[in-house]
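Beneath this line is the structure, given in structure tokens, with notes to follow.
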Amino acid sequence: MLRAALPALLVPLLGLAAAAVADCPSSSWIQFQDSCYIFLQEAINVESIEDVRNQCMDHGADMISIHNEEENAFILDTLKKQWKGSDDILLGMFYDTDDASFKWFDHSNMTFDKWTDQDDGEDLVDTCAFLHIKTGEWTKGNCEVSSVEGTLCKTAIPYKRKYLSDNHILISALVIASTVILTVLGAIIWFLYKRHSDSHFTTVFSTAPESPYNEDCVLVVAEENEYPVQFD
């Protein structure tokens with residue numbers, strides 16, 4: 001009974017632990033590392049890249065930024081499953097002519113790049129970055145696009161929420177471990193009690209009480225009773 005009850009007891013606890021890591025705004029978002037991502041599969045006409053950004057900002061996010069090879073591979077894998085448009089999709093990057101460098105719209109640092117071999121030319125004004133969904137490499141192109149077939153958005157998990165989520169995971173793990181330990185101890189105690197009870201039952205009802213006389217004494221008494229003494 002206890003063995004059968006254990007899985008049923010662990011299921012809701014494991015669900016609690018899984019819920020603790022669900023830190024994205026809704027089920028439409030995908031979590032990877034410390035960020036949440038959403039792919040807006042909507043073709044829109046735009047006048048500038050700011051119109052694309054506004055799509056993401058309406059969802060409390062910004063256009064996507066990429067900071068390591070793992071994140072780039074994750075985005076590429078997600079796109080291969082969902083993207084039905086052209087081979088290139090806009091990244092949230094632009095060329096800043098003030099300091100002659102590429103920057104992310106979300107103001108995060110440029111810690112990683114995956115540029116393809118490409119001649120930059122002489123003028124990079126109004127230059128943005130595109131992700132090639134087949135190779136995973138980045139290319140440079142004009143920011144003045146007239147339409148987009150989909151937009152990749154990203155938002156960071158708030159530090160406070162992430163910190164609380166980590167605590168929830170720890171608490172859930174402790175609850176699960178404690179439950180397992182108590183269940184095992186309960187099963188051991190029940191088993192020992194059951195075995196002791198069965199042993200006591202057999203001792204009381206299966207063992208006959210010993211006679212205070214041995215067989216020789218009983219035989220002598222029987223012989224004496226066979227020839228009673230007669231008195232005159």
Side-chain angles (χ1 to χ4, degrees), residues 11-42 49-50 52-96 101-116 128-141 143 148-177:
V11 166
L13 295 174
L14 292 173
L16 177 64
V21 299
D23 297 307
C24 294
S26 71
S27 59
S28 301
W29 295 72
I30 303 174
Q31 182 175 338
F32 179 75
Q33 294 179 347
D34 295 337
S35 300
C36 297
Y37 305 78
I38 188 171
F39 177 55
L40 304 177
Q41 303 182 65
E42 180 182 358
I49 197 171
E50 288 299 325
V52 182
R53 287 192 70 196
N54 289 337
Q55 261 203 316
C56 292
M57 289 182 175
D58 289 342
H59 290 77
D62 207 332
M63 293 178 67
I64 197 164
S65 60
I66 303 175
H67 297 283
N68 52 60
E69 182 66 43
E70 293 76 16
E71 187 177 18
N72 196 78
F74 160 76
I75 295 167
L76 193 65
D77 183 63
T78 302
L79 283 176
K80 287 179 178 179
K81 297 175 181 177
Q82 301 186 28
W83 182 245
K84 305 299 182 184
S86 62
D87 290 343
D88 298 295
I89 188 169
L90 263 172
L91 296 176
M93 183 190 292
F94 69 100
Y95 184 77
D96 188 351
S101 64
F102 281 93
K103 294 182 178 179
W104 295 111
F105 278 119
D106 62 8
H107 305 293
S108 57
N109 296 327
M110 286 285 300
T111 57
F112 171 78
D113 68 73
K114 201 173 179 63
W115 296 113
T116 185
C128 290
F130 294 78
L131 173 66
H132 195 279
I133 64 170
K134 292 183 178 178
T135 65
E137 295 181 323
W138 305 353
T139 58
K140 302 177 181 70
C143 295
V148 293
E149 299 180 41
T151 308
L152 270 173
C153 305
K154 172 183 175 181
T155 184
I157 299 174
Y159 172 78
K160 182 177 180 180
R161 187 172 183 179
K162 179 178 181 298
Y163 176 75
L164 291 175
S165 175
D166 291 342
N167 284 344
H168 289 164
I169 295 174
L170 177 60
I171 293 173
S172 299
L174 291 175
V175 169
I176 293 172

**Message:** Just so I know, are the side chains of I30 and C24 near enough to count as touching, which here means a heavy-atom distance under 4.5 Å?
**Reply:** no

**Request:** For F102 and W138, run side-chain contact (heavy atoms from CB on, under 4.5 Å): C-alpha distance rounded to whole Å, both residues' side-chain angles, the deciding distance at 0.1 Å, then the answer.
**Result:** CA-CA 12 Å; F102 281 93; W138 305 353; over 6 Å; no

**Complete:** Only residue of T111, D113, L91 satisfying side chain to side chain contact (heavy atoms under 4.5 Å, CB included) with I66 is L91

**Complete:** Separation between CE (M110) and NE2 (H67), nearest 0.5 Å, reads 8.5 Å

**Prompt:** Should the heavy atoms of other residues, nucleotides or ligands under 6.0 Å from CG of N109 be counted, would the total exceed 12?
**Reply:** no

**Prompt:** What are the two closest heavy atoms between L90 and I64, and how far apart are they?
**Reply:** O-CG2, 4.5 Å

**Request:** Identify the two heavy atoms, one from S65 and one from E71, that lie closest to each other, and give their separation to 0.1 Å.
**Result:** O-OE2, 3.2 Å

**Message:** Could you measure the distance from the CG atom of L152 to the OG1 atom of T78? Nearest 0.5 Å is fine.
**Reply:** 8.0 Å

**Request:** Under the side-chain contact (heavy atoms from CB on, under 4.5 Å) rule, what do Q55 and M63 come out as? Steps first, then yes or no, please.
**Result:** CA-CA 9 Å; Q55 261 203 316; M63 293 178 67; over 6 Å; no

**Item:** Atom of L131, atom of G136 and distance for their closest heavy-atom approach
**Value:** CD1-O, 3.5 Å

**Message:** Give me the atom names and distance for the closest heavy-atom approach of H59 to W29.
**Reply:** O-CZ2, 3.6 Å

**Asked** To the nearest 0.5 Å, how far apart are CZ in F32 and CG in D77?
**Response** 10.0 Å

**Rounded distance (nearest 0.5 Å) linking atom CH2 of W104 with atom NZ of K154** = 8.0 Å

**Asked** Which pair of heavy atoms, one from F130 and one from G141, lies closest together, and at what distance?
**Response** CE1-CA, 3.6 Å

**Request:** Evaluate the side-chain contact (heavy atoms from CB on, under 4.5 Å) criterion for residues F39 and I89: first the C-alpha distance (whole Å), next the side-chain angles of each, then the deciding distance (0.1 Å), finally the verdict.
**Result:** CA-CA 11 Å; F39 177 55; I89 188 169; 3.9 Å; yes

**Asked** What's the shortest heavy-atom distance between C56 and L40, and which atoms?
**Response** N-CD1, 4.5 Å

**Prompt:** If you round to the nearest 0.5 Å, how far is OG of S26 from CD1 of I38?
**Reply:** 6.0 Å

**Message:** What's the separation between atom CG in L79 and atom NE2 in H132, rounded to the nearest 0.5 Å?
**Reply:** 12.0 Å

